[in-house]
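In what follows, chains are A, B, ... by sequence order, proteins preceding strands, each numbered from 1.
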Protein chains: 2
Amino acid sequence: MYASSANISERQAAPPPLAISTVIFALRPSESSGRPTLWIPLVRRIREPFLGLWALPGGPPSAVESLQDAASRNLAETTGLAPEYLEQLYAFGGLHRSPGQRVVSIVYWALVQPTEAAMAAESENVKWFRADRLGDLAFDHQHIIDYALGRLRNKVAYGSVAYHLLGEYFTLAQVREVYEAVLDRELDPANFRRELKASPEIVETDKYLQGGKHRPPRLYRFTGLPGLDPDNRSTP
Amino acid sequence: MYASSANISERQAAPPPLAISTVIFALRPSESSGRPTLWIPLVRRIREPFLGLWALPGGPPSAVESLQDAASRNLAETTGLAPEYLEQLYAFGGLHRSPGQRVVSIVYWALVQPTEAAMAAESENVKWFRADRLGDLAFDHQHIIDYALGRLRNKVAYGSVAYHLLGEYFTLAQVREVYEAVLDRELDPANFRRELKASPEIVETDKYLQGGKHRPPRLYRFTGLPGLDPDNRSTP
DNA sequence: GCAAAAGTGTTGAGCTTACACCCATGA
DNA sequence: TCATGGGTGTAAGCTCAACACTTTTGC
């Protein structure tokens with residue numbers, strides 16, 4: 001009988017090793033249409049298994065950092081990115097995720113702003129891909145990305161997540177484009193703008209976006225809070 | 001640079017050990033009002049730290065079982081229960097969850113039917129508590145339970161989870177009582193029944209619940225699917 | 001018959017949706 | 001001045017919440 005989740009010295013078999021991975025989303029204009037689409041940075045496998053294939057950035061957590069910090073560090077090390085939004089996705093621990101040793105991966109998902117994404121480190125072994133056009137990936141990473149996409153869609157549909165894919169100032173039409181890219185369907189501009197203006201987290205500024213072809217749209221800011229990591233108890 | 005979530009041999013420090021815990025919910029009639037309320041089984045700590053305090057059932061996963069199977073086994077070993085519903089809750093991995101060694105806990109949450117719950121093993125070291133009246137718990141387990149309660153409330157409000165707390169046959173009023181217990185507010189019986197009858201997953205039977213004080217209500221069944229664990233990829 | 005829960009009907013408020021329309025700007 | 005996206009108005013339709021009402025049982 002095991003009476004605690006925090007004492008593992010009570011069983012013989014070695015528990016499976018742990019790794020942290022992150023699915024990172026950013027917006028980039030599509031090469032064809034120019035409209036914003038979702039992109040994901042991947043890193044190339046430099047050893048077996050799956051040598052040469054693309055995979056999610058990840059690695060083992062160190063003993064002295066929280067899981068979320070591990071995801072952050074990892075993300076900075078591989079891609080140079082500092083995410084605007086970072087949330088735990090799921091812990092994957094199936095027996096056959098990896099040939100050879102079995103690994104438990106705690107996966108995070110992140111949103112980065114386009115300014116960040118633009119100056120992200122890209123190299124021989126780090127490349128960005130359109131989220132809907134990935135090739136063959138290592139391990140179960142395609143499956144993980146599909147799950148992350150589902151979560152993103154869900155969070156966008158309800159919550160206040162879309163703004164983390166945009167810069168500090170944005171037009172309401174830009175927000176709509178994010179929704180349209182993520183949900184993959186068109187939305188009524190008139191009704192969408194009304195809905196956003198009803199939300200108190202979106203505040204109007206007195207700036208306008210200049211340089212467009214037509215009437216310059218007003219810029220807005222998002223003032224909502226990022227949402228807390230549940231892995232923090234109030235009684236330390 | 002760490003190119004994979006499934007290869008941990010690339011870093012020096014030993015990763016933190018892993019444990020699985022489960023928050024188990026079942027309905028029992030309240031001693032005072034007789035109306036159904038949420039109860040949770042806990043196990044007593046039989047060693048330091050937190051010796052003597054109550055804690056969530058849990059233990060290390062073995063190397064040869066999936067995380068969900070580990071939660072299931074664990075649950076059977078400690079409480080004798082076979083849950084009707086089992087879903088991953090969150091991976092808790094803060095640095096200060098446990099005095100002494102740092103542990104990462106992947107926590108599941110479960111719903112068991114009242115028949116199961118009634119014949120659950122109870123002993124000196126395993127007891128059931130009202131979810132809203134727990135004493136001091138070991139580790140961050142109170143915090144975890146609060147989070148699980150939030151998830152349960154959310155899933156009940158939207159989804160099709162309430163039926164897993166009931167037996168195979170149930171009246172619509174019983175479903176309403178579950179909602180009322182979980183959400184902690186009263187619901188309009190007329191509107192609630194209409195909403196349920198609109199759902200195709202709830203099918204009418206030709207049985208009636210006899211033995212009540214008044215008009216015998218019709219019994220219904222739930223035909224929905226349990227919802228899949230995301231930790232299963234389709235390409236094996 | 002009476003009390004109480006099972007079960008049905010109805011109505012108004014409010015929100016969503018579709019779309020007509022005006023506004024401001026670059027070319 | 002015209003094309004285009006920014007931005008506003010509005011009416012139909014639907015959903016939801018409140019509550020009056022009928023039905024069926026045990027006592």
Side-chain angles (χ1 to χ4, degrees), chain A residues 27 29-30 33-36 154 156-160 162-163 166-167 169-181 183-222, chain B residues 29-30 33-36 154 156-160 162-163 166-167 169-222:
Chain A
L27 290 177
S30 151
S33 72
R35 293 147 61 94
N154 195 52
V156 162
Y158 292 89
S160 44
Y163 317 103
L166 296 167
Y169 294 94
F170 49 81
T171 71
L172 299 188
Q174 285 171 341
V175 181
R176 178 168 50 79
E177 284 181 321
V178 175
Y179 273 69
E180 290 178 338
L183 303 180
D184 196 30
R185 64 188 168 93
E186 302 208 334
L187 300 168
D188 186 310
N191 296 328
F192 186 81
R193 104 183 321 270
R194 236 192 307 273
E195 199 181 323
L196 288 193
K197 295 201 78 166
S199 152
E201 295 173 322
I202 312 231
V203 299
E204 182 175 295
T205 71
D206 48 8
K207 298 190 203 322
Y208 290 82
L209 178 64
Q210 305 293 342
K213 290 198 191 78
H214 305 293
R215 170 175 174 178
R218 188 187 284 275
L219 290 169
Y220 292 78
R221 280 189 319 116
F222 177 69
Chain B
S30 151
S33 72
R35 294 147 61 92
N154 195 52
V156 161
Y158 293 89
S160 44
Y163 316 104
L166 296 166
Y169 294 94
F170 49 81
T171 70
L172 300 187
Q174 285 170 341
V175 181
R176 178 169 50 80
E177 284 182 321
V178 174
Y179 273 68
E180 289 178 339
V182 171
L183 303 179
D184 196 29
R185 64 188 169 93
E186 302 208 333
L187 300 168
D188 185 310
N191 295 330
F192 186 81
R193 106 185 315 273
R194 236 191 308 272
E195 198 182 323
L196 288 192
K197 296 202 78 164
S199 154
E201 294 172 322
I202 311 228
V203 299
E204 180 175 297
T205 71
D206 49 7
K207 298 189 203 317
Y208 291 82
L209 178 64
Q210 304 293 342
K213 290 200 192 76
H214 305 292
R215 172 175 173 177
R218 187 187 285 276
L219 290 169
Y220 292 77
R221 278 189 320 116
F222 178 69

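Remark: Ser30(A) engages Ser32(A), Ser33(A), Thr37(A), Arg130(A) in a side chain to side chain contact (heavy atoms under 4.5 Å, CB included) (not counting sequence neighbours). A search for side chain to side chain contact (heavy atoms under 4.5 Å, CB included) contacts involving Asp188(B) returns Ala190(B), Asn191(B), not counting sequence neighbours. For Pro189(B), the side chain to side chain contact (heavy atoms under 4.5 Å, CB included) partners are Arg176(B), not counting sequence neighbours. Applying the ring pair (Phe, Tyr, Trp, His ring centres under 6.0 Å) test to Tyr163(B) and every residue at least two apart in sequence or in another chain returns Phe170(B), Phe222(B). In this view, Glu204(B) and Lys197(B), Arg218(B) satisfy the salt bridge (charged side-chain N to carboxylate O under 4.0 Å, His left out) rule, not counting sequence neighbours. Under the rule for a side chain to side chain contact (heavy atoms under 4.5 Å, CB included), the partners of Thr205(A) that lie at least two apart in sequence or sit in another chain are Tyr169(A), Lys207(A), Leu219(A), Arg221(A). Residues passing the salt bridge (charged side-chain N to carboxylate O under 4.0 Å, His left out) test with Arg193(B): none are found, sequence neighbours excluded.
Here chain B contacts DNA chain D (any atom closer than 4.0 Å to a heavy atom, that is under 4.0 Å), and the contacts span dA17(D) to dG26(D) from 5' to 3'. Contacts between chain A and DNA chain C, taken as any atom within less than 4.0 angstrom of a protein heavy atom, begin and end at dT17(C) to dG26(C).
Both Asp188(A) and Thr171(B) lie near DNA chain C, and the one whose nearest nucleotide falls closer to the 5' end is Thr171(B).
In terms of modelled atom types and a separation under 3.5 Å, the side chain of Glu201(A) and the main chain of Ser160(A) share no donor-acceptor contact. Proximity of a side-chain donor or acceptor of Glu180(A) to a complementary backbone N or O of Leu187(A) within less than 3.5 Å is detected.
Using a 4.0 Å cut-off on heavy atoms, the residues of residues 190-221 of chain B that approach DNA chain D are Ala190(B), Asn191(B), Arg194(B), Gly212(B), Lys213(B), His214(B), Arg215(B), Pro216(B), listed by number.
Note on residues 174-211 of chain B: pairs passing ring-ring contact (aromatic ring centres under 6.0 Å, His included), not counting sequence neighbours, are Tyr179(B)-Phe192(B).
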